[in-house]
Amino acid sequence: MPKTPSLDLAPRPGDSVAKTTCYMCACRCGINVHLKDGKVAYIEGNRDHPVNRGVLCAKGSAGIMQHLSPARLRAPLKRVGPRGSGEFQEISWDEALKIATDWLRPLRETAPEKLAFFTGRDQSQSFTGWWAQAFGTPNWAAHGGFCSVNMAAAGIYTMGGSFWEFGQPDWDRTKLFLLFGVAEDHDSNPIKMGLGKLKARGARVIGINPIRSGYNAVADDWVGITPGTDGLFILSLVHELLRAGKIDLGYLTRYTNAPYLVCAHKGPEKGLFLRDDDGKPLVRDRATGRALAWDSPGISPDLAQGVQIGGVTHLPVFRHLADRYLAPDYAPEAVAERCGIAPERIRAIAAEIARVAFEEEITLDQPWVDFRGQRHATMTGRPVAMHAMRGISAHSNGFQTCRALHLLQILIGSIETPGGFRFKPPYPKPPEAHPRPHARHTAGEPLDGPHLGYPLGPEHLLIDEDGQPKRIDKAFSWEAPLSAHGMMHMVISNAHRGDPYQIDTLFLYMANMAWNSSMNTSAVMGMLTDTDAEGSYRIPRIIYSDAYSSEMVAYADLILPDTTYLERHDCISLLDRPICEAEAMADSIRWPVVAPDRDVRPFQSVLLDLGARLGLPGMVTEDGSPKFRDYADYITNHERRPGIGPLAGFRGDGTGKGRGAPNPDQIAAYIENGGFWIDPIPENAQFFKPWNAAYQEWAVARGLFDGPQPYLFNLYLEPLRKFQLAAEGHGHRQPPEHLRDRLRATMDPLPIWYPTFTDAETDPAEFPIHALTQRPMAHYHSWGSQNAWLRQIHGEAPLYVSAAIWARHGFAPGDWATLTSAQGRITLPVARMDALNAHTVWTWNAIAKRPGAWALDPRAPESQRSTLLNHLIGELLPPKGDGLTWANSDPITGQAAWYDLRVRIEKAARPQIQPDAGRQASPVPPAPRDLAQQVKE
Amino acid sequence: MTTLPPPSERKLGLVIDLDTCVGCHACVVSCKGWNTENYGAPLSDRNAYGAAPEGTFLNRVHTFEVTPETGPPQIVHFPKSCLHCDNAPCVTVCPTGASYKRADDGIVLVNEADCIGCGLCAWACPYGAREMDPLEQVMKKCTLCVDRIYNDALPPEDREPACVRTCPAGARHFGDLADPESAVSQLVAERGGFDLMPEQDTAPVNKYLPPRPRDQLASPALPDLAALCATPEDAPAGFVGWLDRALERL
Amino acid sequence: MHPAPSLILFTVLSGMGFGLLVWLGLGLRAPLGLAAFVMFALGYGLAGAGLVAAAFHLGHPERALKAFSQWRSSWLSREAVLAVVTLIVLAPHAAASVFFDQPLPIIGLLGALLALATIFATGMIYAQISAVPRWNHASTPFLFVIAALGGSAILAGLRELAIVLMVALAVAMVVHWWAGDQRAAQPGSDRGSATGLGVLGRVRLLEPPHSGQNYLLREMVHVVGRKHAMKLRALALGLGALLPLLILALPLGLAGLGLALFAHGVGILAQRWLFFAEAEHLVGLYYDSR
Ligand SMILES: Nc1nc2c(c(=O)[nH]1)N[C@H]1C(S)=C(S)[C@@H](COP(=O)(O)OP(=O)(O)OC[C@H]3O[C@@H](n4cnc5c(=O)[nH]c(N)nc54)[C@H](O)[C@@H]3O)O[C@H]1N2
Ligand SMILES: Nc1nc2c(c(=O)[nH]1)N[C@H]1C(S)=C(S)[C@@H](COP(=O)(O)OP(=O)(O)OC[C@H]3O[C@@H](n4cnc5c(=O)[nH]c(N)nc54)[C@H](O)[C@@H]3O)O[C@H]1N2
Ligand code: SF4
Ligand code: SF4
Ligand code: SF4
Ligand code: SF4
Ligand code: SF4
Ligand SMILES: [Mo]
């Protein structure tokens, strides 16, 4: 008989715990890293952390495998083979930094704009932007332009905040939740935790998504909308709510520009607000019938009637709004077919929104005072929350669709009320409180101001006297006036064409631009290797920082290898993309919990080193020596404004909150506190933040802004009207002729819907199908595949095909399909999915790999059974025969229109992945065959 | 040991909520992480970076599509690990006694030192809850994190399975299913928790909560207030009449 | 199920070996001296080879002794115990036959019964697995027993008995397939009960849990085409029972026996291959995307 086995029931996960911040994605959960003998043994969520409260996703739990990845770079690399080959020589840091300095110094001294510095997944944008500003190039941005700028910009312009780092649903109180176009999102764990809370309470979740997977699978009701038509669906809901008077008139009157009078005089003022001599917008006072400044004390603003001036009636915003959306064009019957949603369903959803908003309102016994000085005894909320992401934003009509969604939220009075949608500090923050974009560069000098910002009219565009874009990505030009995050997806294409000018050095950080983050990937690989008549590369120099052997590495000339997230300092800053909660201000750090075992350096420290070598202002002391030892030193001692630095916690003597002198022990205090700092917002300041006097005061005290800045929501967005006026021929700055019509049509100050450019220009018979990608929850873009645990979950990504398409083409399991778009062709395996919009196919994003990359076997399913939809998606629309280039982007923000893609499908003759990306040599040693990871004590 | 003990007083197990599981695989990986570092041999991965990787996982999440008679198809994410059956066939077939069911809490375990790697227990399990480790060649299965739930080296709030602790959606619950008063038993009673393959007579301890009915929204359409107004055929005008009166009342 | 060569060889060889020991124990073939040596060596050798083959299936053969401990519940353990006990019990009978030309009939009878039980236990290892419906019925151990007795009867040169047993084997195979088909067609469980989602509608696997390989798939989700299976059944039945029957019925002497044995051997290997390959494990319900 075997003995009763003696079990070790109390193994220690490790001999010490280091609390830091996850970076297996951008969600920034707190983690406990259990170490044995200084080696990473186990990673779990930090229960105290505001973002994840102890939970951890698949990626986070697999961090150990990311850290031990065989694809990790080992030392700086100098390219020795042709670009794209992956042939490199390992060099010393001295040599690497000398090469970089030798390339960059002459640029700074003669033409700083010839450096284009763009960053991807990183979260140190306030730092890299500051560096680029000091260098003097106008050509810096992070990746928001191809990611979700529509969402961000529409939110900021409409209501001073958006989703994710800007705000969140009131998960604890909401009773009806509508989720538009989200597969996973940045707020990865918080959304899951939130959905869990709703489920535990039995609250209703409605998922609006062509694909019913993930969050949409647990949604109580699924609306399998036709891609690109959400704006129409939302405006139809608005139609229904208006028709039934189910709107919060009090909220609209108090907190939005609904009462503002819109000038109806023909001429350069038409459509702008009527203003008094101080420039204050006017509203009609119901008591007197007169037009008074909107903030006149004791006024009772009218939403219904306008004022007559000189025989012309000037109506309030709300009347324009009602006239537009009550029109039969927005009736459920009128939109049903386009959206693929039955009219009864649209009606039922509208009715449910109205019912919950107005019959299940929540009242908190919490007095507060608004910015007008008026006291409110309670806080009343409309417990309908909405959240949306790239499903609505990654379309060429995305900005207006996101605006429409915010319009809907505002009409029912649910923003910043209990049960609705809540901002997180430093938001709310209206567009006026953000900077304007800057691009004036002078040799040897810093740029004239921050690169990115929120233009309020044509006067803020970054164009020269001839109307030519000043930036290589053409951000803030007439092609994309409100491109608040830049347009990273246009950089390589424009630089290759020399349009608007040639650059010398392309400097990329943490972005796999030769592969999954590029539109038109096959062509981009060509552009990166293309040469001019003399045989020199069209893009002369490429510097890249990555931590792993990615596809982009193979296309760079100089590689600056980074550490992993467990080996470096990072700063998740309020100046950047903080981790605040709706009821608290918070930020956090990463710190080296293990030392690198190879010749790699934290990129931020390397950038500071480079900056010091180049003598960039702010990075050197008076005697020219480096000002900061490393990034940790910068985090501690850098000040943006006096008393305001990268980290808000433990300032000054260690008790400073938000404001205070640099504290040399700040990082130690963060580590002591679990890697983060959190400061709750007072109870009476937690809702109605844009108008709540207590919040405004608190925010000023915390250094979020320097004076109270209450504002009203922009149902009607006047800056858009200014661009329209320009397109109509008014004003000094005039758009090029070919863009006039488009600007006039799309820059409507009230949300509109128009078909995506691709839909409008595609022959539905030639390309009848919509093709989408979704993020798999267990992978982060291209990183997951090097992770031995995660790649077993999604090692290949078939094309999921709707039942209708499956039947029509006679597909059988094991078949392969060829997809053709106006841009290209791909071939990949297919699988059937019924819970899918009938006209749609999709695949998981970024599973496909180039053979030879990521230290994977070149026969790996990632390269043999998966491919990118990116080969099918142009960064430009198909030529229209006018000799012009038209970006495949939102015309307002420049957001890349990933999900506008239209294709045709056929059964493939041969089961073989197309296109063949060729094999890249691996700059890292071959991976081990088998794994049995265990840290023995 | 291979004979089953008399029914235990406590039956520790998991309750998995199929209404809430978003299919994120967090439980899969955190289980892999904990059990690679703890309980017996590491969960290994053969061909980890190769063309056909094969690793051991004690918990895997399937995705099913369910097509009802009427209404749109639904998707259900379906995590599955050992159900710690009361009537565990995997235990009785084991020739060595390596497989056993604990008498006091009902957890089914493999004593790796005794396992000859014959695979018979995996055959006997109808649920596919056991996997032979490709490198160590011993049988691996969910331990219900027996080395966490009684682990006094962990803070009390962490003495729950790794998969439960990590589940972001809160779709996994752990507790004593023999105690009708326990939170898990209550949940099972309220939500109609069920057994997998009850007809196999394995008497699983783990329970699954069914997805709530989907696509039931049927609010009656909103009434048209313009109809109540003076000029119903001119909706905006009617609307303005309503608006005027509504503003008056504010 | 994965038709592992080690298991096919184990069941075929040990069946043949213990079958032969049944005949030797019963004294139906009662050789003495050198002949006895050859016959017993053959019996012990085949049985032993089968056990060695089985050990190849083990991840840890060095711990094989532990497998003798759980005879109270485990058929595999019982099989192991019975096998060894059989070999031990028969040893005096064998030794006496070889060295003293003096069979020990009582011990022989006991040994024969034990050998029979061993074969039965081998069958029960598979028959007890209710997760494999195709195996989970009484015809499984009987098929094992009859196949073992039949094959070894040929080997022992018991022509008449072999003829009868070949007929029985043909019947047993057909009954086993028929019963197996019935059980496989009505496994009692389906995707609906496996997931508990059957009440909601038609259940279909959309995505397997991992795109990577796993043990369960390799070991238990093995699919043979139906046409393929039918051909193999014909082969198994033809070579395993009918052809030997025909050959044995012809007056071909020793050569006939050899030929029959060869045909039977190939046929029974095919039968065993199919026995595993055709058997569907219920776990397939979680992986099947039909
Ligand atoms: N078809 C399609 N394409 C898309 C999208 C889509 O939905 N569909 N989405 C788009 C969107 S929104 C985005 S944001 C992009 C994302 O695409 P990318 O920004 O390219 O993101 P990743 O693939 O994660 O690549 C980031 C690079 O950073 C490297 N890296 C990882 N960790 C570190 C580190 O610690 N230090 C350094 N220096 N480097 C590191 C990785 O190795 C990788 O090479 O993809 C876009 N592409
Ligand atoms: N696990 C994981 N998390 C991530 C990432 C990752 O790679 N992995 N990437 C991060 C990044 S960079 C980003 S930008 C976010 C993006 O997070 P998400 O916005 O969730 O991104 P996608 O996966 O692109 O999901 C888009 C969803 O929109 C749907 N959709 C497409 N077109 C339409 C449409 O017209 N209407 C509607 N209603 N839906 C539509 C698609 O079906 C899909 O479900 O995720 C972040 N989080
Ligand atoms: S969501 Fe996952 S990967 Fe992203 S930070 Fe959180 S735990 Fe890490
Ligand atoms: S962690 Fe939770 S939500 Fe995620 S797959 Fe597992 S059970 Fe489902
Ligand atoms: S689920 Fe399978 S392995 Fe677990 S106790 Fe039941 S039969 Fe045994
Ligand atoms: S594989 Fe190990 S645990 Fe399973 S039956 Fe065989 S000896 Fe027992
Ligand atoms: S209880 Fe523990 S061993 Fe079992 S599935 Fe959960 S994490 Fe894995
Ligand atoms: Mo993104």
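So you know, we letter chains A, B, ... as the sequences are listed, proteins then strands, and number each from 1. This one's a predicted model, so the numbers in the text were calculated from it and none came from an experiment.
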Side chain, backbone, both or neither of [X] within contact of chain C (heavy atoms, under 4.5 Å):
X: His77(B); value: neither
X: Val76(B); value: side chain
X: Cys118(B); value: both
X: Glu199(B); value: side chain
X: Phe194(B); value: side chain

- prompt: What is the ring orientation for His62(B) with Phe78(B), classed by angle as parallel under 30°, tilted 30 to 60°, or perpendicular over 60°?
  reply: perpendicular
- request: Quick one: sort the Trp273(C) and His228(C) rings into parallel, tilted or perpendicular, breaks at 30° and 60°.
  value: perpendicular
Do you know which two heavy atoms are closest between [X] and [Y], and how far apart they sit?
X: Gly97(B); Y: Gln70(C); value: N-CG, 3.1 Å
X: Leu46(C); Y: Gly17(C); value: CB-CA, 3.5 Å
X: Asp19(B); Y: Asp17(B); value: N-OD1, 2.9 Å
X: Gly128(B); Y: Leu216(C); value: O-CD1, 3.1 Å

Portion of [X] that has a non-hydrogen atom of chain B nearer than 4.5 angstrom:
X: His57(C); value: both
X: Glu62(C); value: neither
X: Gln128(C); value: side chain
X: Leu197(C); value: both
X: Arg218(C); value: side chain
X: Ala194(C); value: both

With rounding to the nearest 0.5 Å, note down the distance linking [atom1] in [X] to [atom2] in [Y].
X: Leu209(B); Y: Ile16(B); atom1: CG; atom2: CD1; result: 9.0 Å
X: Leu7(C); Y: Phe56(C); atom1: CG; atom2: CZ; result: 12.5 Å
X: His137(C); Y: His176(C); atom1: NE2; atom2: NE2; result: 5.0 Å

query: Looking at the rings of Phe275(C) and Trp135(C), which for Trp means the six-membered one, are their centres under 6.0 Å apart?
result: yes
- request: Answer yes or no: does atom CZ of Phe68(C) have more than 12 heavy-atom neighbours from other residues, nucleotides or ligands under 6.0 Å?
  value: yes
- request: Pick whichever of Gly212(C), Gly192(C), Gly188(C) has the most heavy-atom pairs under 4.5 Å with chain B.
  value: Gly188(C)
message: Using a 4.5 angstrom heavy-atom cutoff, name the option from Ala55(C), Gly201(C), Pro187(C), Ala64(C) with the most pairs to chain B.
response: Gly201(C)
Highest number of heavy-atom pairs under 4.5 Å with chain C: which of [options]?
options: Met132(B), Met139(B), Glu131(B); answer: Met132(B)
options: Gly55(B), Cys115(B), Ala52(B), Pro210(B); answer: Cys115(B)
options: Ala129(B), Pro198(B), Cys125(B); answer: Cys125(B)
options: Gln137(B), Arg60(B), Arg130(B), Arg46(B); answer: Arg60(B)
options: Pro73(B), Ala113(B), Pro89(B); answer: Ala113(B)
options: Ile116(B), Val28(B), Val66(B); answer: Ile116(B)

statement: Across all chains, not counting sequence neighbours, the salt bridge (charged side-chain N to carboxylate O under 4.0 Å, His left out) partners of Arg233(C) are Asp181(C), Glu278(C)
